[in-house]
Amino acid sequence: MPEEKIVTAAKQKKNLKTLSTLLGDLGFTKISYSTKLLSVEKIKGRDLKGQPYLEYRVEFKPNSIEFTFSCSAKRNKLARMLTLLPTFLNILQVAEDYYDVNPTSIFPQINDVISEVSKVLNRDALEFSTELSELQTKHQELNAKYEDLVRSSEANTRILLECERKRDEVQKQLNHLTGMTDDLLKESLYNWIKLHSGTIDVREFSKAHSVAISRVEEGLNMLINNGYIRRRFE
């Protein structure tokens, strides 16, 4: 999985051995220490292929503190940075006795993230609102035509069936737009796994819920990473 990095200028002023001991009590998965580098990692489960999922890594160097985290796409990168920035800032605070930190070195990155997120949110909100409004209008129009045709004679049966088909297509688009969110997907997957004795056939679930296989795998990874399920090894 791709990784992103935030680098903060910081001058080491004390030996890091004591900091290593301090961080060892904070639940990191792996800690390695040498005279010039202290590295701590947090691993959060494994994906469907059994590969370790890196939550984040912090490397304390003589002239910098580097924060590395995993992400899968641009949208995911922004969301991950917003989620993990408080963690990084807390770590900087823990290390304040060991470093002279220059926080202004990460201000541009923080500003870029906030600006980009604002653009994405505004653009997505506008696109969603426009598409939803158009679909709702089409649905109302087709539903009105359908109700008129129900009251018409049998001579209009073929028109009625065509109108009904189009109405159902628009309804499916509307349901898709307002439907299977991440939370709903995770809940559906979790309930499926419970009903099937802890197992899941990805293709069967995909067909039953009209969800792409890639989306099903994404939902399973979310459940794994959040600790709701664990991957069963042979």
Side-chain angles (χ1 to χ4, degrees), residues 1-124 182 217-218 220-231 233:
M1 183 174 292
E3 296 181 351
E4 295 291 336
K5 181 179 293 186
I6 302 174
V7 179
T8 303
K11 184 70 173 179
Q12 182 183 341
K13 59 183 180 180
K14 292 175 60 176
N15 187 283
L16 300 180
K17 186 175 182 179
T18 306
L19 177 60
S20 173
T21 302
L22 178 63
L23 294 175
D25 298 328
L26 299 182
F28 290 100
T29 309
K30 179 181 178 181
I31 298 178
S32 58
Y33 169 72
S34 67
T35 55
K36 293 186 178 181
L37 175 66
L38 169 61
S39 176
V40 295
E41 287 186 2
K42 186 172 183 181
I43 303 298
K44 192 174 183 181
R46 296 177 180 270
D47 61 20
L48 292 176
K49 296 181 180 179
Q51 298 299 316
Y53 180 88
L54 175 68
E55 182 73 0
Y56 59 83
R57 179 191 308 112
V58 187
E59 294 177 309
F60 297 88
K61 299 181 177 181
N63 295 301
S64 65
I65 300 176
E66 300 182 3
F67 186 80
T68 304
F69 59 94
S70 59
C71 61
S72 59
K74 182 176 181 181
R75 179 76 56 87
N76 183 260
K77 172 187 174 182
L78 296 173
R80 293 276 291 155
M81 287 189 72
L82 281 175
T83 301
L84 293 175
L85 270 174
T87 299
F88 181 41
L89 295 176
N90 287 335
I91 291 173
L92 292 180
Q93 187 172 9
V94 171
E96 64 181 353
D97 291 338
Y98 299 84
Y99 280 89
D100 287 324
V101 178
N102 178 16
T104 58
S105 60
I106 62 173
F107 286 175
Q109 288 177 285
I110 295 175
N111 185 61
D112 288 345
V113 171
I114 294 175
S115 298
E116 188 63 29
V117 168
S118 178
K119 292 177 184 177
V120 171
L121 291 177
N122 290 337
R123 182 175 66 249
D124 284 357
D182 284 353
E217 293 176 344
E218 182 182 351
L220 289 172
N221 274 328
M222 286 190 287
L223 289 176
I224 291 172
N225 294 334
N226 290 329
Y228 290 107
I229 62 174
R230 290 185 298 175
R231 182 175 180 269
F233 294 93

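- Between atom CG of residue Asn221 and atom OH of residue Tyr53 there is a gap of 8.5 Å, rounded to the nearest 0.5 Å.
- In this view, Lys13 and Asp100 satisfy the salt bridge (charged side-chain N to carboxylate O under 4.0 Å, His left out) rule, not counting sequence neighbours.
- Applying the side-chain hydrogen bond (donor to acceptor under 3.5 Å, both in side chains) test to residues at least two apart or on different chains, none of the pairs has a partner in residues 84-93.
- Residues forming a side chain to side chain donor-acceptor pair (under 3.5 Å) with Asp97 (at least two apart in sequence, or on another chain): none.
- The line from CG of Leu19 to CD1 of Ile91 is 10.0 Å long, rounded to the nearest 0.5 Å.
- Rounding to the nearest 0.5 Å places OH of Tyr99 at 10.5 Å from CG of Leu92.
- Note that CZ of Phe69 and CD of Glu4 are 5.5 Å apart. Values are rounded to the nearest 0.5 Å.
- Distance check: Tyr98 OH to Lys17 NZ gives 12.0 Å after rounding to the nearest 0.5 Å.
- In this structure, the separation between CD1 on Ile106 and CD1 on Ile6 is 6.5 Å, given to the nearest 0.5 Å.
- Between Asn226 and Lys44 there is a side-chain heavy-atom pair separated by less than 4.5 Å.
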Run the side-chain donor-acceptor check on residues 26-34: report pairs under 3.5 Å with partners two or more places apart or on a different chain.
| unit_1 | atom_1 | unit_2 | atom_2 | d |
| --- | --- | --- | --- | --- |
| Thr29 | OG1 | Ile43 | N | 2.9 |
| Tyr33 | OH | Asn15 | OD1 | 3.0 |
| Ser34 | OG | Leu37 | N | 3.2 |
| Ser34 | OG | Leu37 | O | 3.3 |

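- Applying the side chain to side chain donor-acceptor pair (under 3.5 Å) rule to Asp182 yields the partners Arg215; only residues at least two apart in sequence or on another chain are considered.
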Only pairs under 3.5 Å count here: list side-chain donor-acceptor contacts from residues 57-66, not counting sequence neighbours, and write none if there are none.
| unit_1 | atom_1 | unit_2 | atom_2 | d |
| --- | --- | --- | --- | --- |
| Arg57 | NE | Glu41 | OE2 | 2.8 |
| Lys61 | NZ | Glu66 | OE1 | 3.4 |
| Lys61 | NZ | Glu66 | OE2 | 3.4 |
| Asn63 | OD1 | Lys11 | NZ | 3.3 |
| Glu66 | OE1 | Lys5 | NZ | 3.3 |

